[in-house]
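Encoded as structure tokens, the structure appears first; notes follow it.
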Amino acid sequence: MAEARKSSTFWRRTEKSATAFRTISEVSAKLDVPQHVLRFWESKFAQVKPLKRGGGRRYYRPEDIVLLRSIQELLYTEGYTIKGVQKLLRESSAKFAVPVTADSVVEGLSATKSASEPRTQDELKEILDELESLRDLLRTSLE
């Protein structure tokens with residue numbers, strides 16, 4: 001009995017760190033989109049470049065997941081087309097080539113939100129973190 005408890009403890013999954021790579025099945029579950037959709041986005045968006053290991057197995061970096069979440073938001077929530085998102089990503093890579101400060105991002109985001117829907121500091125911080133991750137991802141894709 002003690003042996004069974006020991007082995008179940010050994011095989012119990014622990015939560016991955018925030019910087020750990022994720023498999024396509026983990027990303028699919030996290031974003032709630034089918035795996036074939038992630039593969040399709042990879043073919044349509046040059047910026048989506050998961051690391052591929054033996055047998056073509058994909059491993060997504062945290063920056064890849066941020067980018068995929070942004071693509072998902074633009075397509076499903078904002079109503080952009082694939083071509084529209086491609087254009088936005090191309091334009092944003094040019095924009096983020098110049099240094100961006102946290103203050104300028106927060107000011108820009110605050111200005112785009114209407115007065116009837118104020119953003120909280122937490123929302124702005126979350127958006128800023130996502131934008132900084134996207135900027136870093138775009139910089140690495142240009143190198």
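Along the sequence shown, the residues carry numbers beginning at 1.
- The side chain to side chain donor-acceptor pair (under 3.5 Å) search around Arg39 returns Gln35, not counting sequence neighbours.
- In terms of heavy atoms, Lys44 sits closest to Gln86 at O-NE2, 2.7 Å.
- With values rounded to the nearest 0.5 angstrom, Ile71 atom CD1 is found 4.5 Å from Phe45 atom CZ.
- Between Glu42 and Lys49, none of the side-chain N atoms (NZ, or NE/NH1/NH2) sits under 4.0 Å from a carboxylate O, so this pair counts as no salt bridge.
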Test Phe40 against Ile82 for side chain to side chain contact (heavy atoms under 4.5 Å, CB included), laying out the working first. CA-CA 11 Å; Phe40 175 73; Ile82 296 276; 3.9 Å; yes
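- Looking at residues two or more places apart in sequence or on another chain, you find a salt bridge (Lys or Arg N to Asp or Glu O under 4.0 Å) between Arg61 and Glu63, Asp64.
- Every residue two or more places apart in sequence or in another chain was checked for a salt bridge (Lys or Arg N to Asp or Glu O under 4.0 Å) with Lys83, and none qualifies.
- Between the CD atom in Glu78 and the OG atom in Ser70 there is a gap of 10.5 Å [rounded to 0.5 Å].
- For the atom pair Leu74 CG and Tyr80 OH, the distance stands at 6.5 Å (nearest 0.5 Å).
- In the hydrophobic clustering of this structure, Tyr59 does not group with Val66; members are Ile, Leu, Val, Met, Phe, Trp, Tyr whose side-chain heavy atoms approach within less than 4.5 Å, directly or through other members.
- With sequence neighbours left out, the side chain to side chain donor-acceptor pair (under 3.5 Å) criterion links Arg22 to no other residue.
- Shortest non-hydrogen contact noted between Gln47 and Arg90 is NE2-N, 4.2 Å.
- Of all the heavy atoms in Gln72 and Leu31, the pair that sits closest is NE2-O, 2.7 Å.
- The side-chain contact (heavy atoms from CB on, under 4.5 Å) test applied to Ala29 returns no partner, not counting sequence neighbours.
- Applying the side chain to side chain donor-acceptor pair (under 3.5 Å) rule to Ser25 yields the partners Thr23; only residues at least two apart in sequence or on another chain are considered.
- Across all non-hydrogen atoms, the minimal contact from Glu26 to Phe21 is OE1-O, 4.3 Å.
- Side-chain heavy atoms closer than 4.5 Å link hydrophobic residues (I, L, V, M, F, W, Y) into clusters, and following such links, possibly through other members, connects Tyr76 to Ile65.
- Residues Lys30 and Arg69 are in side-chain contact: their nearest non-hydrogen atoms beyond the backbone lie under 4.5 Å apart.
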